[in-house]
Asker: 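Have a look at the structure that comes next, please.
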2 protein chains.
Amino acid sequence: MATENQELRKAGLKVTLPRVKILQLLESSENKHLSGKDVYKALLEAGEDVALPTIYRVLHQFEAAGLVISHNFESAHSVYELNSVDHHDHMVCTKCGRVEEFLDDVIEQQQEKIASKHGFKITDHSMCLYGICSDCQQA
Amino acid sequence: MATENQELRKAGLKVTLPRVKILQLLESSENKHLSGKDVYKALLEAGEDVALPTIYRVLHQFEAAGLVISHNFESAHSVYELNSVDHHDHMVCTKCGRVEEFLDDVIEQQQEKIASKHGFKITDHSMCLYGICSDCQQA
DNA sequence: CTAATTGCAAAAGCTTTGCAGCGCA
DNA sequence: TGCGCTGCAAAGCTTTTGCAATTAG
């Protein structure tokens with residue numbers, strides 16, 4: 001349970017209630033991809049009263065520290081997920097909003113090839129497939 | 001020159017000055033990926049005075065009609081590009097903002113494979129590589 | 001003529017900033 | 001104790017909406 005505190009300290013951030021709460025939420029939440037507003041609402045429902053500006057500030061600090069990663073899927077605002085060691089790409093169901101993660105070596109290698117062919121030095125990449133998930137196809 | 005009018009009519013949209021101007025801009029602009037604000041500024045500089053709300057409305061109509069495609073790259077707001085027949089992916093320089101387009105069969109095929117493995121029926125996808133372009137590496 | 005379209009102004013979201021006070025180390 | 005962090009309120013930005021006036025077909 002003190003693991004969050006470790007991570008925070010390692011990132012050079014003081015261990016404060018809002019930060020711990022946000023980190024715990026990101027770890028325990030069923031939905032692994034949350035917007036600032038999502039975090040706010042989830043914490044409110046959990047009885048934790050953290051101000052919205054604080055949440056945005058903390059998420060930015062977490063991102064700078066490499067604790068979380070931010071994405072811009074089709075909706076024009078950012079969602080955050082915990083930064084796990086293993087990189088992965090995303091598949092978003094446009095009907096129910098579900099997000100699945102996957103990793104494919106062929107694609108990863110091909111991306112490098114393409115980049116070097118264009119003289120690009122890749123620092124990051126995102127790949128996102130949009131479609132209808134198996135659940136929604138039956139419904 | 002009447003090609004724009006054809007496209008608009010085909011999309012079931014009346015041929016009005018703002019719509020024609022926006023379409024022409026998207027066709028002639030050097031930067032092929034423009035936000036609503038970008039379109040507004042470009043038209044202003046060209047001496048065309050189109051209201052911002054009109055631009056957003058028109059872009060949405062164009063998108064619904066399939067005339068343009070919208071993207072959400074790293075910046076948390078949408079940019080639009082003309083919908084060409086040939087699909088392609090994007091490579092964004094995080095330094096100068098330049099956007100290059102590419103298409104790779106290996107990746108396209110692999111995406112289908114991955115999707116079906118997860119039970120997804122793909123309707124669309126976006127892949128975006130972020131990095132430093134050749135120009136910026138030298139500078 | 002009639003319905004679609006525009007412009008203006010104002011509202012709506014999400015996100016950021018300034019500042020005074022509180023709290024971790 | 002001191003600097004960092006939080007909360008509040010207010011500002012910022014892009015995008016959207018309501019409504020009266022205008023225009024294409």
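Because only heavy atoms are used, hydrogens play no part in the values below, and waters and symmetry mates are left out as well, while side chains stay in. We name chains A, B, ... by the order of the sequence lines, and we start the count at 1 in each one.
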Asker: Go through residues 31-40 of chain B and report each residue with a non-hydrogen atom lying under 4.0 Å from DNA chain C, sorted by number.
Answerer: none
Asker: Which residues pass the ring pair (Phe, Tyr, Trp, His ring centres under 6.0 Å) test with B:His125, not counting sequence neighbours?
Answerer: B:His87
Asker: Near DNA chain C, under 4.0 Å by heavy atom, which residues of residues 57-66 of chain A?
Answerer: A:Arg57, A:His60
Asker: List the residues meeting side-chain hydrogen bond (donor to acceptor under 3.5 Å, both in side chains) with B:Gln61, not counting sequence neighbours, and say none if there are none.
Answerer: B:Arg19
Asker: What is the distance, to the nearest angstrom, from the CD1 atom on A:Ile55 to the P atom on C:dT16?
Answerer: 13 Å
Asker: For A:Glu100, check salt bridge (Lys or Arg N to Asp or Glu O under 4.0 Å) against everything at least two apart and list the hits.
Answerer: A:Arg98
Asker: Supply the members, apart from A:Leu17, of the Ile/Leu/Val/Met/Phe/Trp/Tyr cluster built from side-chain contacts under 4.5 Å; use none for a lone residue.
Answerer: none
Asker: Please report, rounded to the nearest Å, how far the P atom of D:dC13 is from the NZ atom of B:Lys41.
Answerer: 12 Å
Asker: Would you say B:His90 and B:His71 make side-chain contact, with heavy atoms under 4.5 Å?
Answerer: yes
Asker: My understanding is that a hydrophobic cluster links ILVMFWY residues whose side chain heavy atoms are under 4.5 Å apart, including indirect links. Using that, what else belongs to the cluster containing B:Leu67?
Answerer: B:Leu8, B:Leu13, B:Val15, B:Val20, B:Ile22, B:Leu23, B:Leu25, B:Leu26, B:Leu34, B:Val39, B:Tyr40, B:Leu43, B:Leu44, B:Val50, B:Leu52, B:Ile55, B:Tyr56, B:Val58, B:Leu59, B:Phe62, B:Val68, B:Tyr80, B:Leu82
Asker: Measure the distance from CG on A:Leu8 to P on C:dG23 and round it to the nearest whole Å.
Answerer: 18 Å
Asker: With a 4.5 Å cut-off on side-chain heavy atoms, are A:His118 and B:Leu129 touching?
Answerer: no
Asker: If you count heavy atoms of other groups shown closer than 6.0 angstrom to NZ of B:Lys32, is the number above 12?
Answerer: yes
Asker: Starting from P on D:dG18, measure out to CG on B:Leu52 and report it in whole angstrom.
Answerer: 18 Å
Asker: When you compare the side chain of B:Val99 with that of B:Val79, does any pair of heavy atoms fall below 4.5 Å?
Answerer: no
Asker: Show each protein N/O and nucleotides 20-22 of chain C N/O combination with a separation under 3.5 Å, one pair to a line.
Answerer:
none

Asker: Please report, rounded to the nearest Å, how far the P atom of C:dT6 is from the CD atom of B:Glu48.
Answerer: 14 Å
Asker: Between A:Gln111 and B:Ile107, is there a side-chain heavy-atom distance shorter than 4.5 Å?
Answerer: yes
Asker: D:dT15 P sits how many Å from B:His77 NE2, rounded?
Answerer: 6 Å
Asker: Enumerate the residue pairs fulfilling salt bridge (Lys or Arg N to Asp or Glu O under 4.0 Å) with a member in residues 104-127 of chain A, sequence neighbours excluded, ordered by first and then second residue.
Answerer: none
Asker: Could you note down all residue pairs passing salt bridge (Lys or Arg N to Asp or Glu O under 4.0 Å) where residues 37-65 of chain A supplies at least one of them, sequence neighbours left out?
Answerer: A:Lys21-A:Glu48
Asker: If I take atom OH in residue B:Tyr56 and atom P in nucleotide D:dT17, what distance separates them, rounded to the nearest angstrom?
Answerer: 13 Å
Asker: Nearest heavy atom decides the nucleotide; on that basis, is B:Tyr80 or A:Asp49 closer to the 5' end of DNA chain D?
Answerer: A:Asp49
Asker: Do any of residues 10-23 of chain B sit with a heavy atom less than 4.0 Å from DNA chain D, and if so which?
Answerer: B:Lys14, B:Val15
Asker: Apart from B:Val106 itself, what residues make up its hydrophobic cluster when side-chain heavy atoms of I, L, V, M, F, W and Y under 4.5 Å apart count as a link, directly or indirectly?
Answerer: A:Val106
